[in-house]
Structures are given as structure tokens and as C-alpha cells.
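These notes concern the structure reproduced below.
All residue numbers in this chain count up from 1 along the given sequence.
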Amino acid sequence: MTKLKSKVALITGGTSGIGKATAVKMIAEGATVIITGRYQKTVDETVSELGVNCRGIVSDASKMEDLLSIGNKVKELTDVVDILFTNAGYGKFAPIEMADEKHFDELFNLLVKGTFFTVQQIIPLMKDGSSIILCTSVVTEMGIANFSVYSGAKSAVQSFVKTFASELLVKKIRVNSVSPGYISTNGFQKTGLSQEQIDGAIASITPTLPLKRFGNPEEVANTVCFLASDDSSYTNASEFVVDGGLAVIKN
């Protein structure tokens with residue numbers, strides 16, 4: 001398992017869920033991984049858990065100050081980044097009538113600004129043959145009540161896949177995305193719902209899924225690692241959906 005041998009990867013939001021699972025997988029494939037997280041404690045704990053081939057940076061993908069400094073922070077650890085996975089993010093949901101400016105700005109700052117400016121700041125460290133993977137979402141393929149702001153933000157990220165890929169052709173950097181469906185992570189904890197509401201949501205959603213289960217973070221990580229490796233060397237400007245068929249199979 002050395003498909004990423006000697007590669008250096010940067011994973012934003014790498015202290016839990018899909019980001020952490022991807023870091024574990026990339027390290028197993030031979031990469032050195034730099035993760036980011038909002039809090040020193042969780043960054044330190046994750047680096048300690050993942051071992052000597054993991055480094056950590058405290059950085060908040062929703063804050064411009066942190067975004068504009070991430071390149072310099074990464075340069076303190078490495079001269080080159082071969083793989084960038086912009087994974088930092090979460091969802092919050094509200095009916096149109098109830099969504100306020102704070103709700104809107106929180107999601108667009110994190111998901112849209114966070115993705116754009118992370119890529120902008122890391123590109124100078126990337127060489128020919130590098131790979132960028134953005135995290136989109138299956139919600140962009142469906143109209144789901146109360147998801148308008150989150151879906152809009154993820155749709156913006158989805159559009160970046162094509163425009164970034166076009167612009168970075170000259171640098172021979174490939175840009176693709178992974179589009180998860182319902183995945184078993186701690187993401188529900190960030191929605192503002194109580195544990196009882198979360199449990200109820202999971203119980204009601206699960207029977208509607210084609211495979212009758214949530215996906216595992218490791219299943220998304222496998223796709224990210226494929227897009228990061230030379231196995232996908234002729235794959236560019238593409239979105240890989242990991243949703244168990246949710247977007248296309250109607251029960």
C-alpha cells in the first residue's frame with residue numbers, strides 16, 4: 001500500500017470524520033499528511049494518534065486571517081504540497097423564512113471562502129502532477145427543504161471544480177471533487193440539534209437510503225485517495241459521488 005509514497009498531503013478539517021479517515025488512509029499509502037483544525041487540543045490529539053507521518057496546523061477555514069496565513073504555516077513544515085483536500089466544513093439548516101444573515105455568512109464563509117482561499121494560498125507550493133480534491137455534496141443534485149443556504153454554498157464549491165481545473169491546466173494540476181451523501185460522522189453535532197433530535201433524524205433518514213445505512217468515512221476516504229493517486233492520472237474536472245445511489249435511485 002504505497003500509492004502515495006513520498007507525497008505530502010494537506011487536509012483541511014482533518015481532526016475528525018472524513019478528513020481524519022482520509023489522513024489515516026493516506027498515511028497508510030505512504031504519504032506525509034498535514035491536517036488543519038480549529039482547536040489546538042484536537043489538532044494535537046489527532047497528530048499524536050496518527051503518528052510521526054502526521055503534522056498539524058491550527059487554522060479556521062471560515063476566518064480570512066487564518067486562510068491568508070495558511071500558506072506560510074504550511075511552508076514552515078514543507079516546501080511542497082502534492083495533494084490538497086479541502087474538507088473543512090459542516091452543515092446548518094433552516095427554512096428560507098428563518099435563515100438570517102449570520103446563518104448565510106457562516107456557511108458561505110466556511111464552505112465557499114474557505115475552499116477558494118485555501119486553494120489560492122496553497123497553489124504556489126504545488127508542482128506539476130499535483131492533485132486538488134474539493135469536498136462537494138450530494139445535496140447539490142436534489143432539492144431538500146431547509147437546505148437552501150448549505151446547498152447553495154456547496155453548489156458554489158461544485159462550480160470551482162470546473163473553473164479551477166481549467167485555470168490550473170497550465171500548471172498541470174488536476175482538480176476533482178468527492179461528493180458524499182449521508183456519512184456517519186460527528187457532523188450532526190454541529191447543526192445545533194439536540195442529541196434526541198439527531199437520533200430522530202438518523203432514524204427517519206436511514207430507511208429512505210438505497211443501501212439502508214449511512215456511509216462510513218473510510219468509504220469516502222477511499223475515493224479521495226484514488227483521486228490523489230496516479231491511478232486517476234487521466235481524471236480531471238470530475239465529481240465522484242459517494243452516496244450509495246441516493247441521488248439517482250428512487251425507493
Counting only N and O atoms by type, is there a donor-acceptor contact under 3.5 Å from the side chain of [X] to the main-chain atoms of [Y]?
X	Y	value
Lys73	Val58	yes
Asn176	Ser238	yes
Asp82	Val8	yes
Thr208	Ile205	yes
Asp243	Gly181	no
Thr46	Lys20	no
Asp231	Phe226	no
Ser166	Lys162	no
Ser137	Ser179	no
Thr115	Leu111	yes

Where [X] and [Y] come nearest, the two heavy atoms and their spacing:
X	Y	answer
Ile249	Pro210	CB-CG, 4.1 Å
Ala201	Ser204	O-OG, 2.9 Å
Arg174	Ser232	NH1-O, 2.7 Å

What's the separation between atom [atom1] in [X] and atom [atom2] in [Y], rounded to the nearest 0.5 Å?
X	Y	atom1	atom2	answer
Lys75	Ile122	NZ	CD1	9.0 Å
Gln158	Glu141	CD	CD	5.5 Å
Ile83	Leu4	CD1	CG	4.5 Å
Met98	His103	CE	NE2	11.0 Å
Ile35	Thr42	CD1	OG1	7.5 Å
Thr118	Ile70	OG1	CD1	5.0 Å

- request: Check the pair Glu106 / Lys92 against side chain to side chain contact (heavy atoms under 4.5 Å, CB included), numbers first and verdict last.
  value: CA-CA 9 Å; Glu106 179 179 359; Lys92 287 191 175 181; 3.2 Å; yes
Same hydrophobic cluster for [X] and [Y], using side-chain heavy-atom links shorter than 4.5 Å among ILVMFWY?
X	Y	answer
Leu107	Met64	yes
Leu10	Val80	no
Tyr39	Ile11	no
Leu125	Leu77	yes
Leu68	Leu84	yes

field: Identified side chain to side chain contact (heavy atoms under 4.5 Å, CB included) partner of Ile27 from the options Val52, Asn53, Thr32
entry: Asn53
A quick test of your reading: do over 12 heavy atoms of other residues, nucleotides or ligands sit less than 6.0 Å from [atom1] of [X]?
X	atom1	result
Asp128	CG	yes
Lys113	NZ	no
Glu167	CD	no

- request: Return yes if a side-chain donor-acceptor contact under 3.5 Å exists between Glu239 and Thr136, otherwise no.
  value: yes
field: Short side-chain donor-acceptor distance under 3.5 Å, Glu218 and Asn222
entry: no
query: Step by step, would you call Val112 with Phe160 a side chain to side chain contact (heavy atoms under 4.5 Å, CB included)?
result: CA-CA 9 Å; Val112 183; Phe160 289 158; 3.9 Å; yes
Which donor-acceptor pairs under 3.5 Å do the side chains of residues 144-154 make with protein atoms, sequence neighbours left out?
unit_1: Ser151; atom_1: OG; unit_2: Val139; atom_2: O; d: 3.4
unit_1: Lys154; atom_1: NZ; unit_2: Cys135; atom_2: O; d: 3.0

query: Taking the side chain as C-beta and beyond, is there a heavy-atom pair between Phe85 and Ile18 under 4.5 Å?
result: yes
task: Kindly indicate, with the supporting measurements, whether the criterion side chain to side chain contact (heavy atoms under 4.5 Å, CB included) is fulfilled by Glu49 and Glu45.
output: CA-CA 6 Å; Glu49 179 182 348; Glu45 289 174 349; over 6 Å; no
message: Using side chain to side chain contact (heavy atoms under 4.5 Å, CB included), reason through Val74 and Thr78 one step at a time and then give a plain yes or no.
response: CA-CA 6 Å; Val74 171; Thr78 180; 3.7 Å; yes
